[in-house]
Amino acid sequence: MRYQKPKGTADILPGESEKWQYVESVAQNVFSRYRFSEIRTPIFESYEVFERSSGDTSDIVSKEMYDFKDKGDRHIALRPEGTAGVVRAYVENKLYGPEYQRPYKVWYKGPMFRYERPQSGRQRQFHQIGLEAFGSDSPELDVEIISVGLNFLNELGVHNLKVAINTLGDPESRENYHKALVDYFTPFKDQLSDDSKVRLEKNPLRILDSKDENDKKFVADAPSILDYLNDASKERFEYLKSLLDDLDINYVVDPTMVRGLDYYNHTIFEFMVTDPAFNNKEITVLAGGRYNGLVEELGGKSEPGIGFGLGMERLMLLLKDEDIHVENNLDVYLVTIGDSAERASVKILSNLRRAGFSADKDYLQRKTKAQFKTADRLNAKYTVTIGDAELENDTANVKNMATGEQVSVSLENLAEELKKIEG
RNA sequence: GCGGUAUUGGUGAAGUGGUUAACACAUCGGUUUGUGGUACCGACACACGUGGGUUCGAUUCCCACAUACCGCCCCA
């Protein structure tokens, strides 16, 4: 093998691509019911867009970004996630203007890039489906976002989802909590893992997310964000929970849940699932939250926003074949016998297709028997056999492959005849 | 970036330091003239990821690299 695809990339081949199309069509469907429109933004952006939005302490910026200088010496990065580009587009196109209905609701799908070690459901070029809503700080909208995600996954047949929610509070609450964490962890600093020592300096919230067993002991007794919310933030969170109750959405509050990206505040959430595809370990398939400071951070007015992203590769692993509705229907397989029929087949096929049938034929000059074999294997509904005799009499033999019944019809009106047979 | 395991045909795979690299599936062809299944017969590895090394000789041993999978980090 001479060439191979770059590490961490995948070819999505026919057979698999139909599944992707199916998932994307369900997304399109569900999201438009919630009145989200598709937005398509560039796959690469100015490096600063991501640096600015994700925060330069985040791993995404510090070590996972695919960035390069283009021929014009611009610092470019392949998008590592979807939100930053959408926010940039929102600001650049002045979509916060009074002529636009708010909240401004969009969804996107497409490839993202992160320079990391490939693993099951994780690749360097991976794909996300996500959505964002701008211009409303309403908790009702938070719940709508959670519910559209849930709806989407349920429609695909993914059940047993665990919905975990948390709040990071408003900036004031977050600031207070930040201090409390530093005060709490600093005395144990020497006993923390090396990673967490760094986190203590840069982003103490991330310590809560540590997988280190020793760290976990300290995390267990760490102060909870829920105790540091100011009244407004607390009230908001309580209201949010009651809205989820109204919708009969089962959720758990996970006060240790944090976010890898810096721009979140208030509501954050993750949908987790435990599945054999991941060795029965709990993995996150969808995650999102509110980011009220981000639009301003990228040069817009102070505008609230909320959204989520979900990983396609992980989702595809969760979907069972029977969940995926893929039809591969071949209406007609044309069997030709002899050179005249071979020649006539070009026009016959063309007419059938124009009449709306999916139709195909053999292009390898194979024997009749082999052609029927192929028709069988392709699961053709009908075969149409043409030979010298048929061409002379202007007839065609139409065989119903399921019943084996064969009838002779007018070749001239083949498409019409087939429609009649179809009923 | 760190650690572990793996890498043989279209697919699943067996196997050995040395004449023809099992077996199965798939595919193609045939079993007398233009019809799908089954059965039977036949065909099907420029050679065992790439590059070095050890050896009289390596697909089998050693090293490096690449890729895949798993774990850490991080994340969807």
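Here the structure is a predicted model, which means the values were calculated and not measured. Note: hydrogens, waters and symmetry copies are ignored here, and every other heavy atom, side chains too, is used. Chain naming here is simple, since letters A, B, ... match the order of the sequence lines and numbering starts at 1 in each.
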Taking only the [atom1] atom of each, what is the distance from [N] to [M] in whole angstrom?
| N | M | atom1 | result |
| --- | --- | --- | --- |
| U7(B) | G12(B) | C1' | 15 Å |
| G42(B) | C56(B) | C1' | 40 Å |
| G71(B) | G30(B) | P | 50 Å |
| A64(B) | G3(B) | P | 11 Å |
| A24(B) | A39(B) | P | 13 Å |
| A66(B) | G51(B) | P | 15 Å |
| G36(B) | U20(B) | P | 42 Å |
| U11(B) | C44(B) | C1' | 14 Å |

[X] [atom1] - [N] [atom2] separation (whole Å):
| X | N | atom1 | atom2 | answer |
| --- | --- | --- | --- | --- |
| Leu330(A) | G36(B) | CG | P | 18 Å |
| Asp376(A) | A26(B) | CG | P | 14 Å |
| Leu156(A) | A76(B) | CG | P | 20 Å |
| Glu64(A) | C72(B) | CD | C1' | 13 Å |
| Gln4(A) | A66(B) | CD | P | 10 Å |
| Lys373(A) | U31(B) | NZ | P | 12 Å |
| Lys369(A) | G30(B) | NZ | P | 9 Å |
| Ile283(A) | C72(B) | CD1 | P | 13 Å |

| message | Would Lys179(A) and Tyr177(A) count as a cation-pi pair here, with the cationic atom under 6.0 angstrom from the ring centre and within 45° of the axis? | response |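 No; the conditions do not both hold, so Lys179(A) does not lie above the ring face of Tyr177(A).
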Over all strands shown, is [X] touching base, sugar-phosphate only, or nothing at heavy-atom distances under 4.0 angstrom?
| X | answer |
| --- | --- |
| Ala375(A) | nothing |
| Gly338(A) | nothing |
| Phe126(A) | base |
| Thr385(A) | base |
| Gln406(A) | base |
| Leu310(A) | nothing |

| task | Go through the steps to decide whether Arg40(A) and Glu38(A) satisfy the test salt bridge (charged side-chain N to carboxylate O under 4.0 Å, His left out), and finish with yes or no. | result | CA-CA 7 Å; Arg40(A) 303 192 183 194; Glu38(A) 186 179 0; 3.0 Å; yes
| Do the two ring centres, one from Phe218(A) and one from Phe185(A), sit under 6.0 Å apart? |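 They do not qualify: ring centres at least 6.0 Å apart.
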Between the main-chain N or O of [Y] and the side-chain N or O of [X], is there a donor-acceptor pair closer than 3.5 Å?
| X | Y | result |
| --- | --- | --- |
| Tyr90(A) | Tyr104(A) | no |
| Asp254(A) | Ala164(A) | no |
| Asn400(A) | Gly404(A) | no |

| task | Heavy atoms only: give me the nearest Pro118(A)-Gly8(A) pair and the separation to one decimal. | result |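 Smallest interatomic distance, heavy atoms only, reads CG-CA, 3.8 Å.
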Charged N to carboxylate O below 4.0 Å: is that the case for [X] and [Y]?
| X | Y | answer |
| --- | --- | --- |
| Arg122(A) | Glu116(A) | yes |
| Glu132(A) | Lys105(A) | no |
| Glu48(A) | Arg52(A) | no |

| request: Side-chain contact test, heavy atoms from C-beta onward, threshold under 4.5 Å: evaluate it for His159(A) versus Asn154(A) and give yes or no. | output: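 A side-chain contact exists here, since the closest heavy-atom pair is under 4.5 Å.
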Can you find a donor-acceptor pair, distance only, under 3.5 Å between [X] side chain and [N] base?
| X | N | result |
| --- | --- | --- |
| Glu390(A) | G34(B) | yes |
| Lys399(A) | G36(B) | yes |
| Gln123(A) | A76(B) | no |

| message | Of the listed nucleotides (C73(B), A68(B), U35(B)), which one gets closest to any side-chain atom of Arg122(A)? | response | C73(B)
| note | A correct 5'-to-3' footprint of nucleotides 41-46 of chain B, with B, S and - meaning base, sugar-phosphate only and no protein heavy atom under 4.0 Å, is ------
| field | Interface with RNA chain B, restricted to residues 5-12 of chain A and to heavy atoms under 4.0 Å | value | Lys7(A), Gly8(A)
| message | Taking the nucleotide of RNA chain B with the nearest heavy atom to each, does Ala287(A) or Thr374(A) sit closer to the 5' end? | response |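 It is Thr374(A) whose nearest nucleotide is closer to the 5' end.
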| query | On RNA chain B, nearest-nucleotide positions of Asn397(A) versus Thr284(A): which is more 5'? | reply |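 The residue closer to the strand's 5' end, by nearest nucleotide, is Asn397(A).
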| message | Applying a 3.5 angstrom cut-off to the pairing atoms, does RNA chain B sit in any stems of at least three consecutive Watson-Crick or G-U pairs? List them by first number. | response | B:1-7 with B:66-72, B:10-12 with B:23-25, B:27-31 with B:39-43, B:49-53 with B:61-65
| query | Going by the angle between their ring planes, with limits at 30° and 60°, are Tyr66(A) and Phe113(A) parallel, tilted or perpendicular? | reply |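 Aromatic pair Tyr66(A)/Phe113(A) classed perpendicular.
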| said: Does the plane of the ring in Phe188(A) sit parallel, tilted or perpendicular to the ring in Tyr184(A)? Use 30° and 60° as the thresholds. | reply: perpendicular
Should [X] be listed as having a side-chain N or O under 4.0 Å from OP1 or OP2 of [N]?
| X | N | value |
| --- | --- | --- |
| Gln119(A) | G71(B) | yes |
| Lys367(A) | U33(B) | no |
| Arg377(A) | C28(B) | yes |
| Arg366(A) | C28(B) | yes |

| said: Are more than 12 heavy atoms, taken from residues, nucleotides or ligands other than Tyr115(A), located less than 6.0 Å from that residue's OH atom? | reply: no
| said: For Tyr34(A) and Ser147(A), which I'm curious about, is there any donor-acceptor pair between the side chains at under 3.5 Å? | reply: yes
